[in-house]
Amino acid sequence: AKLDGRGTFRFFEPAMDARMQARRRLELDMRQALARREFQLHYQPQLNLADERLVGCEALIRWHHPERGLVSPIDFIPLAEEIGLIVPIGEWVIRQACRDAASWPQPLSVAVNVSPAQFKSDRLVETIMSALSQAGLPPSRLEIEITEGVLLQDNEKTLQTLHRMRSLGVRVSMDDFGTGYSSLSYLRAFPFDKIKIDRSFVTDICAEKDPGTKADGEAIIRAIAGLGRSLGMTTVAEGVETPEQLRRIRAEGCTDVQGYLISKPLAADDLLSLLSAPVPG
Ligand code: C2E
Ligand code: CA
Ligand code: CA
Ligand code: CA
């Protein structure tokens, strides 16, 4: 909306109107997507560097829209968040991820992203408990990934919810670490199990970047890995795409890696085939 000369809002400017209509359309489609079973979870494996074994997978939502094709979570999660639809969608994600993980031939952990509006909803902890028990998945195999956005609504309730999850035996990861304003103070406020180092720092480690940027990226990763060690937290480097990045990240002391070099996010069936394949050697 735009203020006109008399200080009143004019809503129906044509360009704005078209954007609002597109948004409204997306919203209507999204409201039906759950019932029409258009969502799917893909799983991206995480590798432990010490023993080179898979330790877990991150669940990443995909929307197969009948006309639009595959819609990226970046294009619908923010809207779902805004209009509150993230609560039922997020609930589906938790239940589906627990069911899938319970069917894996190895006891890997499954990590689920929980966004701020979902985190605020009163049902979150109950949903997690019921999803775990219905799937028969031990709580220690579930990880909840949150970003600073969740902690920005800093209050007693947020910490209480995190502690309730923790006391169930569910693990909690800090996602996209290093991109926000007060990452460090959050580590003090809550004892996370895992720090996920944002992909932007990993991206800086590549031959095409200038030596200064590269050295800075490495220094930041080294510092976060050291912090994780001192605080007893696992550190995962996100978005590892090249052997050089892997070498540097290993040298800087991260415990785990995730990224296209290890594997792209896989459909549930493809992950099952990967996990069921005989280990080479
Ligand atoms: P995120 O939680 O930071 O997830 C990591 C994103 O990086 C994923 O994008 C993943 O496919 C991508 N990625 C992984 N390895 C590499 C790599 O080596 N190179 C590059 N370029 N990218 C890599 P995706 O699946 O498109 O998800 C984007 C974001 O959408 C996620 O970022 C997360 O914030 C959100 N999201 C995804 N699924 C869910 C969900 O079930 N619930 C909620 N609330 N948010 C979700
Ligand atoms: Ca994540
Ligand atoms: Ca991330
Ligand atoms: Ca992210």
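Counting convention: from 1, in listed order, for ligands and their atoms alike. For the numbers below, each heavy atom of this structure counts, side chains included, while hydrogens, waters and symmetry mates do not. Positions are given from 1, in the same order as the sequence printed here.
- The nearest N, O or S atom of D175 is closer to the Ca ion (ligand 2) than 3.0 Å.
- Every atom of ligand 1 with a heavy atom of G259 under 4.0 Å away is listed here by number and element: 15 (N), 18 (O).
- A salt bridge is absent between E67 and R25; no separation between the charged side-chain nitrogens and carboxylate oxygens falls under 4.0 Å.
- Without hydrogens or angle criteria, R222 side chain to G253 main chain gives no donor-acceptor distance under 3.5 Å.
- Residue E58 places a heavy atom less than 4.0 Å from ligand 1.
- Interface of V93 with ligand 1, defined as ligand atoms under 4.0 Å from a residue heavy atom, comprises 41 (O).
- Remark: ligand 1 and I61 share an N or O pair separated by less than 3.5 Å (distance only, no angle test).
- The pair R247-E244 does not meet the salt-bridge criterion, since no charged nitrogen lies less than 4.0 angstrom from a carboxylate oxygen.
- Every atom of ligand 1 with a heavy atom of D176 under 4.0 Å away is listed here by number and element: 3 (O).
- Aromatic ring orientation, W63 versus F76: perpendicular (interplanar angle above 60°, classes split at 30° and 60°).
- At a heavy-atom distance under 4.0 Å, no atom of K264 approaches ligand 1.
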Q. How far apart are the C-alpha atoms of K157 and D122, what are their side-chain angles, what is the distance that settles it, and do they pass the salt bridge (charged side-chain N to carboxylate O under 4.0 Å, His left out) test?
A. CA-CA 10 Å; K157 203 178 154 221; D122 291 322; 3.0 Å; yes
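- The backbone N or O of V172 sits less than 3.5 Å from a side-chain atom of D193, completing a donor-acceptor pair.
- Relative to atom 5 (C) of ligand 1, the option among Q245, E145, E238 with the closest non-hydrogen atom is E238.
- Checked for salt-bridge contact, R24 and D17 miss the test: no charged N lies under 4.0 Å from a carboxylate O.
- Distance check for D176 against the Ca ion (ligand 3): an N/O/S atom falls below 3.0 Å.
- Side-chain contact between I197 and I220 is absent, with no heavy-atom pair separated by less than 4.5 Å.
- Look at K214 and E218 and you find no salt bridge, because none of the NZ, NE, NH1 or NH2 atoms lies under 4.0 Å from a carboxylate O.
- Taking only non-hydrogen atoms, the option from Q44, H42, R62 nearest to atom 25 (O) of ligand 1 is R62.
- Comparing heavy-atom distances from atom 1 (P) of ligand 1 across V202, D175, V112 singles out D175 as nearest.
- Close approach to E241 involves these atoms of ligand 1, each under 4.0 Å from a residue heavy atom: 17 (C), 18 (O), 19 (N), 20 (C), 21 (N).
- The Ca ion (ligand 2) lies at the vertex of an angle of 90° between the OE2 atom of E58 and the OD1 atom of N113 (rounded to 10°).
- Between K120 and E81 there is no salt bridge, since none of the side-chain N atoms of the basic residue sits less than 4.0 Å from a carboxylate O of the acidic one.
- With a 4.0 Å heavy-atom cut-off, ligand 1 is reached by the backbone of S115 and by its side chain too.
- By the criterion of a heavy-atom distance under 4.0 Å, both the backbone and the side chain of N113 are placed next to ligand 1.
- Listed by atom number, the atoms of ligand 1 under 4.0 Å from P265 heavy atoms are 11 (O).
- Between H42 and H64, the ring planes are tilted. Angles from 30° to 60° get that label.
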**Q.** Full working for side chain to side chain donor-acceptor pair (under 3.5 Å) between Q96 and R99
**A.** CA-CA 5 Å; Q96 188 65 40; R99 273 198 299 271; 2.7 Å; yes
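- Distances shorter than 4.0 angstrom do not occur between any heavy atom of Q258 and any atom of ligand 1.
- Looking only at its N/O/S atoms, E145 has OE1 as the one nearest to the Ca ion (ligand 2).
- Only backbone heavy atoms of V240 (N, CA, C or O) come within less than 4.0 Å of ligand 1; its side chain stays farther off.
- For the ligand labelled ligand 1, residue G239 lies inside the 4.0 Å heavy-atom shell.
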